[in-house]
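Single-structure report; data block below.
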Amino acid sequence: MNEPATAIEAAVAASPLHQLKDELDIVIPTIRNLDFLEMWRPFLQPYHLIIVQDGDPSKTIKVPNGFDYELYNRNDINRILGPKASCISFKDSACRCFGYMVSKKKYIFTIDDDCFVAKDPSGKAINALEQHIKNLLSPSTPFFFNTLYDPFAEGADFVRGYPFSLREGVSTAVSHGLWLNIPDYDAPTQLVKPLERNTRFVDAVLTIPKGTLFPMCGMNLAFDRQLIGPAMYFGLMGEGQPIGRYDDMWAGWCIKVICDHLGLGVKTGLPYIYHSKASNPFVNLRKEYKGIYWQEDIIPFFQQVVLPKDCTTVQKCYIELAKQVKEKLGKIDPYFDKLADAMVTWIQAWDGLNPTSASFSNGRTG
């Protein structure tokens, strides 16, 4: 039996995680009215929203009443960043990373506007944000795999043979959630499996082992902004660029290499959202085709990256990574020279808006 909204709201208010409402921002990229927030109201209304409007800045985006938000369009991005706005993608959901930059909270949850509240096998609505917070607040175990998955989850623990010296784990920087219904497939897979839907609910959270890359999806993602925020750059995509739909995966490869270097953890699995809408596979193929070709060089590059020991901060790691991107991937296509320059610009813009002691707020509020 499905829970009424009032019961959900009462459960959310009673949750100890509700106290994080002053420490977390929700970032949403969009080109349309945010009617989808109505179904998320019981879970998300207590939190502050940062809405990054893509496309035509003259268009008015309507937000349901009762939500606390600030909204930035392209004119705002240009005004705030000046020439450094060139690092923020246009006509692509990669623009969401501007919201990461202007936030002043410890945690970020980002979600797409075609992602709805999923239900678990019992029919209960899933509070995706609550699970992300649980993932981020509990340690990760990247150095040794636990066959019972997340040992810090309720009803689980470290199995026999797990080294006691590694049981404290490390801080979790990223929580990567999954999707029911429309899977996050590339265009070729969409074309050969047009009717495939994900109906499997797997009740598990895993730490991705050190040295293992993964294809990060940005539609249901949370991270500790203080631990990894400066590396969560979604690259140059969309209008004027030769590639699209690789924004979140580029960020995922970068953050994983840096998390491995700095001894931070990345989790994947729960929570699920319901992905409601399949994008056009022919449009996707036009955006992806160079990426599909290039990734056969990009992934070995990230697998072989070594960051120097003096890279002790996320920013230093990211600048070094940009240098190696230019040196090694620049040989593949001039796009990577441009991307490497944008990575450096991103760090400069991030540091400019996030000095050690200052507060920044320059968007329209609602």
Side-chain angles (χ1 to χ4, degrees), residues 17 24-29 43 93-94 96-97 99-100 106-112 114-118 120 126-142 145-146 149-153 169-186 198 200-235 245-260 262-275 295 299 302 314:
L17 301 179
L24 183 145
D25 279 335
I26 298 169
V27 175
I28 305 169
F43 303 128
S93 63
R96 78 177 78 219
C97 61
Y100 310 159
K106 179 172 172 56
Y107 301 104
I108 295 288
F109 171 47
T110 184
I111 186 171
D112 284 4
D114 62 351
C115 293
F116 299 165
V117 176
D120 68 16
I126 297 169
N127 185 346
L129 179 53
E130 181 178 47
Q131 180 64 50
H132 275 304
I133 292 172
K134 286 180 180 178
N135 293 347
L136 290 170
L137 293 184
S138 61
S140 291
T141 53
F145 188 79
N146 191 53
Y149 310 125
D150 189 349
F152 300 99
V170 301
S171 298
T172 301
V174 179
S175 171
H176 177 255
L178 299 175
W179 350 267
L180 295 173
N181 195 40
I182 305 294
D184 186 32
Y185 284 162
D186 54 37
N198 182 33
R200 294 185 306 151
F201 180 94
V202 181
D203 186 6
V205 177
L206 313 177
T207 294
I208 302 174
K210 181 179 180 180
T212 300
L213 297 173
F214 74 112
M216 190 172 81
C217 173
M219 74 172 83
N220 174 24
L221 179 73
F223 59 93
D224 186 321
R225 186 176 172 277
Q226 292 180 1
L227 287 180
I228 200 64
M232 199 61 82
Y233 175 48
F234 276 41
R245 285 173 55 84
Y246 272 79
D247 52 331
D248 42 7
M249 291 185 290
W250 179 263
W253 298 326
C254 291
I255 63 96
K256 188 58 169 64
V257 165
I258 292 173
C259 283
D260 286 354
L262 295 178
L264 301 171
V266 179
K267 293 182 179 182
T268 187
L270 300 178
Y272 283 91
I273 51 84
Y274 183 90
H275 187 206
Q295 72 184 16
I299 292 171
F302 279 104
V314 175

Below 4.5 Å, heavy atoms only, C-beta onward: do [X] and [Y] meet side chain to side chain?
X	Y	answer
Val170	Pro142	yes
Val257	Leu213	yes
Lys267	Ser138	yes
Pro271	Asn220	yes

Considering all heavy atoms, the nearest [X]-[Y] contact:
X	Y	answer
Tyr272	Ile126	O-CG2, 3.8 Å
His132	Gly177	CE1-N, 3.6 Å
Gly218	Asp112	O-OD1, 4.2 Å
Ala231	Ile255	O-CG2, 3.5 Å
Met216	Met232	CE-SD, 3.7 Å

>> Please check this pair: side chain of Asn127 against backbone of Glu130, looking for a donor-acceptor N/O pair closer than 3.5 Å.
In response: yes

>> Can a donor-acceptor pair be found, under 3.5 Å and without considering hydrogens, that links the side chain of Arg96 to the backbone of Met219?
In response: no

>> Taking side chain to side chain contact (heavy atoms under 4.5 Å, CB included) as the criterion, tell me which of Ile28, Asp248, Val27, Ile26 meets it with Thr110.
In response: Val27

Taking atom [atom1] of [X] and atom [atom2] of [Y], what is their separation to the nearest 0.5 Å?
X	Y	atom1	atom2	answer
Ile273	Cys217	CD1	SG	7.5 Å
Ile228	Ile258	CD1	CD1	5.5 Å
Ser175	Ile108	OG	CD1	13.5 Å
Arg225	Leu136	CZ	CG	14.0 Å
Asp224	Ile133	CG	CD1	11.5 Å
Asn181	Asn198	CG	CG	8.5 Å

> Between Lys134 and Leu270, does a side chain to side chain contact (heavy atoms under 4.5 Å, CB included) hold up when you go through it step by step?
Replying inline: CA-CA 10 Å; Lys134 286 180 180 178; Leu270 300 178; over 6 Å; no

Quick one: are the ring centres of [X] and [Y] less than 6.0 Å apart?
X	Y	result
Phe223	Phe109	no
Trp179	Phe116	no
Phe234	Tyr100	yes

>> Between Asn135 and Gln131, is there a side-chain donor-acceptor contact under 3.5 Å, judged purely by atom types and distance?
In response: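 A pair is found: one side chain offers a donor N or O, the other an acceptor, under 3.5 Å apart.
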
>> Can a side-chain donor-acceptor contact be found between Asp114 and His275 if the only test is distance below 3.5 angstrom?
In response: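 Looking only at side-chain atoms, Asp114 and His275 do form a donor-acceptor pair, the distance falling under 3.5 Å.
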
>> Taking CZ in Phe302 as the centre, count heavy atoms belonging to other residues, nucleotides or ligands within less than 6.0 Å. Is the count above 12?
In response: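 Yes, enclosed.
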
>> Around atom CZ of Phe152, are there more than 12 heavy atoms from other residues, nucleotides or ligands closer than 6.0 Å?
In response: yes

> Residues two or more places apart in sequence or in another chain: which of them pass side chain to side chain donor-acceptor pair (under 3.5 Å) with Thr172?
Replying inline: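 Thr172 satisfies side chain to side chain donor-acceptor pair (under 3.5 Å) with Ser140 only.
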
> Can you list the residues that meet the side chain to side chain donor-acceptor pair (under 3.5 Å) rule with Thr268, with sequence neighbours excluded?
Replying inline: His176

> By salt bridge (charged side-chain N to carboxylate O under 4.0 Å, His left out), which residues pair with Asp260, not counting sequence neighbours?
Replying inline: Lys256

>> Test of understanding: with salt bridge (charged side-chain N to carboxylate O under 4.0 Å, His left out), list the residues that count as partners of Asp25, not counting sequence neighbours.
In response: Lys105

>> Could you work out, with side-chain contact (heavy atoms from CB on, under 4.5 Å) as the rule, every residue matching Leu264, not counting sequence neighbours?
In response: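 For Leu264 the side-chain contact (heavy atoms from CB on, under 4.5 Å) partners, ignoring immediate neighbours, are Ser171, Ala173, Leu227, Cys259, Leu262.
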
> With under 30° as parallel and over 60° as perpendicular, where do the rings of Tyr246 and Trp253 fit, or are they tilted in between?
Replying inline: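 It falls in the tilted class, 30° to 60°.
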
Please list every donor-acceptor pair under 3.5 Å in which a side-chain atom of residues 201-208 meets a protein atom from a residue at least two apart or in another chain.
unit_1, atom_1, unit_2, atom_2, d
Thr207, OG1, Thr141, N, 3.1

